[in-house]
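Being a predicted model, the structure only gives us computed values, none of them experimental.
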Amino acid sequence: MSVRIRHLDTSAADFAAEFERVLHWSAETDGAIEERVASILADVQQRGDAAVLEYTRRFDGLDAASVASLEVGHAELRAALNAITPAQRSALEFAAHRVRDYHQRQLEACGRSWTYRDADGTLLGQKVTPLDRVGIYVPGGKAAYPSSVLMNALPAKVAGVGEIVMVVPTPKGEKNMLVLAAAAVAGADRVFTIGGAQAVAALAYGTATVPAVDKITGPGNAYVASAKRRVFGKVGIDMIAGPSEILVLADGSTPADWVAIDLFSQAEHDELAQSILLCPDAAYIERVQAEIDRLIDAMPRRDVIRASLEGRGALIHTRSMEEACEISNRIAPEHLEVSSRDPHRWEPLLKHAGAIFLGAYTSESLGDYCAGPNHVLPTSGTARFSSPLGVYDFQKRSSLIEVSEAGAQQLGVVAAELAYGEGLQAHAQAAEMRLKR
């Protein structure tokens with residue numbers, strides 16, 4: 001049966017309205033979820049371990065005597081690493097090497113302290129220091145995500161974070177060996193098999209067993225997202241992620257089945273995930289539609305893919321690749337593939353995207369697992385003002401100021417003038433006291 005994905009044309013009179021319908025997605029959390037999450041957070045904050053155990057029993061079907069018994073020790077992590085297949089271990093370690101190397105280069109480019117002295121000897125600069133302790137949330141309900149372990153823990157390690165506390169739900173106590181092996185490879189310091197809003201609360205407020213952290217990163221379901229939103233301010237968070245997205249800019253030169261599968265790669269995440277193709281070649285769009293119809297039934301997650309493509313997907317015929325780039329900037333997608341003969345011709349026109357994948361051989365899935373850059377990316381148009389998770393998310397910056405005696409003579413006069421103008425006499429006098437009489 002044909003996949004009924006929208007076909008739009010930018011030259012059509014109703015394109016703007018139809019396009020807005022495709023993009024529309026409400027980030028508002030269900031009121032019942034918000035109410036439940038608020039109750040869980042307050043309960044964990046008040047009762048600590050006892051509340052965590054109760055919710056773990058209720059939601060994960062895991063009956064434990066203590067939260068301490070839910071901690072996975074380093075010996076068990078190493079055992080998991082030794083228990084997975086040689087091919088899995090090789091893949092994990094290869095991916096970890098590339099992810100670590102990329103973030104090490106990121107550290108060298110933007111994560112260092114610096115100072116300078118101006119003409120009068122005043123020292124100015126920036127001191128960059130890592131966070132003391134961070135919590136990383138790894139989803140573990142419907143699927144296991146060892147790649148999320150690498151993408152969250154490794155940049156924190158490279159940044160110099162003192163301690164990484166990982167939480168991962170294990171419904172009915174079933175631990176995923178690949179996830180635990182990834183924790184061993186990435187160097188997580190402590191691992192607890194707890195999840196949901198209760199895990200976020202434990203990380204934010206601390207319990208007798210789970211230490212309070214300074215920042216929480218990592219994706220999760222609606223309960224986790226709501227909890228992260230509510231604890232922000234008590235701790236830092238990376239972002240509130242919406243459904244996954246892929247936008248493919250194609251000039252018609254890439255095999256149509258490659259593009260069809262790339263659209264599937266995001267659609268299979270979730271019924272609300274979004275896959276869009278922008279292309280100036282109408283005949284090519286029809287070939288992609290034909291490949292979608294041909295390939296869909298062989299996909300194990302075909303029902304999810306179909307629901308995603310029919311609900312939020314679109315194949316859009318544009319007047320030109322230039323127009324496709326303009327529309328891409330309006331969307332500001334999480335993943336942006338430039339599937340063309342000369343991707344570097346179009347890359348300068350692209351301003352807003354979480355990650356840009358250049359060329360036909362650069363599938364989004366390579367970025368998800370092992371290319372090196374982080375796969376935790378801004379969604380829902382937030383790439384207009386947000387960045388991928390990186391070393392900088394696990395550091396903070398302090399300004400350095402050392403004013404020389406000569407510098408105080410000039411700066412003091414200016415500061416006093418502005419302070420008097422604001423009606424802050426003590427500020428002004430503090431500056432004037434440093435002036436030579």
Side-chain angles (χ1 to χ4, degrees), residues 45 100 102-136 152-165 189 200 203-206 211-217 228-240 351-352 354 373-374 376 378 382-437:
Q45 188 173 20
R100 188 181 293 109
Y102 177 88
H103 289 90
Q104 186 65 44
R105 294 169 189 269
Q106 195 176 66
L107 175 70
E108 293 165 2
C110 66
R112 302 293 190 186
S113 301
W114 51 267
T115 61
Y116 69 94
R117 289 191 183 274
D118 61 20
D120 59 24
T122 293
L123 179 144
L124 302 171
Q126 178 174 268
K127 181 179 180 178
V128 178
T129 52
L131 304 184
D132 290 334
R133 181 187 290 131
V134 300
I136 63 172
N152 283 272
L154 288 172
K157 276 289 182 185
V158 170
V161 169
E163 186 177 25
I164 298 171
V165 182
D189 295 290
V200 174
L203 291 172
Y205 304 126
V213 302
D214 301 309
K215 189 169 189 172
I216 300 171
T217 71
K228 284 172 67 178
R229 185 184 293 110
R230 284 179 172 271
V231 299
F232 177 62
K234 174 66 176 176
V235 295
I237 62 172
D238 50 351
M239 62 187 77
I240 303 296
K351 297 189 297 181
H352 307 307
N374 210 286
V376 180
T382 59
R384 293 176 293 110
F385 53 82
S386 298
S387 305
L389 189 72
V391 166
Y392 37 72
D393 286 295
F394 299 100
Q395 297 174 320
K396 54 187 177 60
R397 291 153 182 79
S398 302
S399 299
L400 290 177
I401 307 169
E402 181 190 7
V403 178
S404 66
E405 182 179 355
Q409 309 313 302
Q410 181 182 33
L411 298 180
V413 173
V414 175
E417 183 66 27
L418 295 175
Y420 281 128
E422 292 184 354
L424 299 175
Q425 281 74 18
H427 277 67
Q429 289 180 31
E432 289 177 331
M433 282 183 177
R434 272 77 175 173
L435 299 178
K436 291 181 179 179
R437 304 301 180 189

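Pairing each heavy atom of Pro130 with each of Ala159, the nearest pair is CB-O, 3.3 Å. Taking every heavy atom of both residues into account, Ala416 and Ala431 meet most closely at N-CB, 4.3 Å. Across Ala408 and Leu435, no two heavy atoms sit closer than the pair O-CD2, 3.5 Å. Across all their heavy atoms, Asn152 and Phe394 have their closest contact at O-CZ, 3.6 Å. Between Ala212 and Ala204, the shortest heavy-atom contact is CB-O, 4.0 Å. The minimum heavy-atom distance linking Pro378 with Pro388 is given by the pair CD-N, 4.0 Å.
The 12-atom threshold is exceeded at CD of Gln126, counting heavy atoms of other residues, nucleotides or ligands nearer than 6.0 Å. Applying the 6.0 Å contact sphere to CZ of Arg105 captures no more than 12 heavy atoms from other residues, nucleotides or ligands. Heavy atoms of other residues, nucleotides or ligands lying less than 6.0 angstrom from CD of Glu108 number more than 12. Environment of CD in Gln409: crowded, with over 12 heavy atoms of neighbouring residues, nucleotides or ligands closer than 6.0 Å.
Looking at heavy atoms from C-beta onward, Tyr205 lies in side-chain contact with Val231 at the 4.5 angstrom threshold. The shortest distance between side-chain heavy atoms of Val235 and Leu203 does not fall below 4.5 Å. His427 places none of its side-chain heavy atoms less than 4.5 Å from the side chain of Glu422. In this structure, the side chains of Arg133 and Val165 come closer than 4.5 Å at one or more pairs of heavy atoms. Two residues are said to be in side-chain contact when any heavy atoms from C-beta on lie closer than 4.5 Å; Ile164 and Lys157 meet this criterion. Side-chain contact between Lys228 and Ile240 is present, with heavy atoms from C-beta onward closer than 4.5 Å. Within the 4.5 Å cutoff, side-chain heavy atoms of Lys127 are placed close to those of Thr129. Counting heavy atoms from C-beta outward, Val134 and Ile216 have side chains that stay 4.5 Å or more apart.
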**Q.** Candidate pair Leu107 and Gln395, rule side chain to side chain contact (heavy atoms under 4.5 Å, CB included), full reasoning
**A.** CA-CA 10 Å; Leu107 175 70; Gln395 297 174 320; 3.3 Å; yes
Q) Would Thr217 and Ile237 count as a side chain to side chain contact (heavy atoms under 4.5 Å, CB included) if you check the C-alpha gap in whole Å, the side-chain angles of each, and the deciding distance to 0.1 Å? A) CA-CA 6 Å; Thr217 71; Ile237 62 172; over 6 Å; no
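Looking only at distances, a side-chain donor or acceptor of Gln106 sits under 3.5 Å from a matching main-chain atom of Val391. A donor-acceptor distance shorter than 3.5 angstrom exists from the side chain of Ser113 to the backbone of Val128, with no hydrogens or angles considered.
A salt bridge is absent between Glu405 and Arg434; no separation between the charged side-chain nitrogens and carboxylate oxygens falls under 4.0 Å. The existence of a salt bridge linking Asp238 and Lys215 is excluded, since no basic side-chain nitrogen approaches an acidic carboxylate oxygen closer than 4.0 Å.
A donor atom on one side chain and an acceptor atom on the other are found under 3.5 Å apart for Glu432 and Tyr420.
When the side-chain contact (heavy atoms from CB on, under 4.5 Å) test is applied to Asp132, the partners found at least two apart in sequence or on another chain are Asp214. Contacts of Asn374 classified as side-chain contact (heavy atoms from CB on, under 4.5 Å), with partners at least two apart in sequence or in another chain: His103, Met151, Pro155, Val376, Leu389.
Going from atom CZ of Arg100 over to atom CD of Gln104 covers 9.5 Å, rounded to the nearest 0.5 Å. Between atom CG of residue Leu123 and atom OH of residue Tyr116 there is a gap of 9.0 Å, rounded to the nearest 0.5 Å. Remark: Asp118 CG to Ser404 OG distance equals 6.5 Å, nearest 0.5 Å. The structure places CD1 of Ile401 at 10.0 Å from OG1 of Thr122, a figure rounded to the nearest 0.5 Å.
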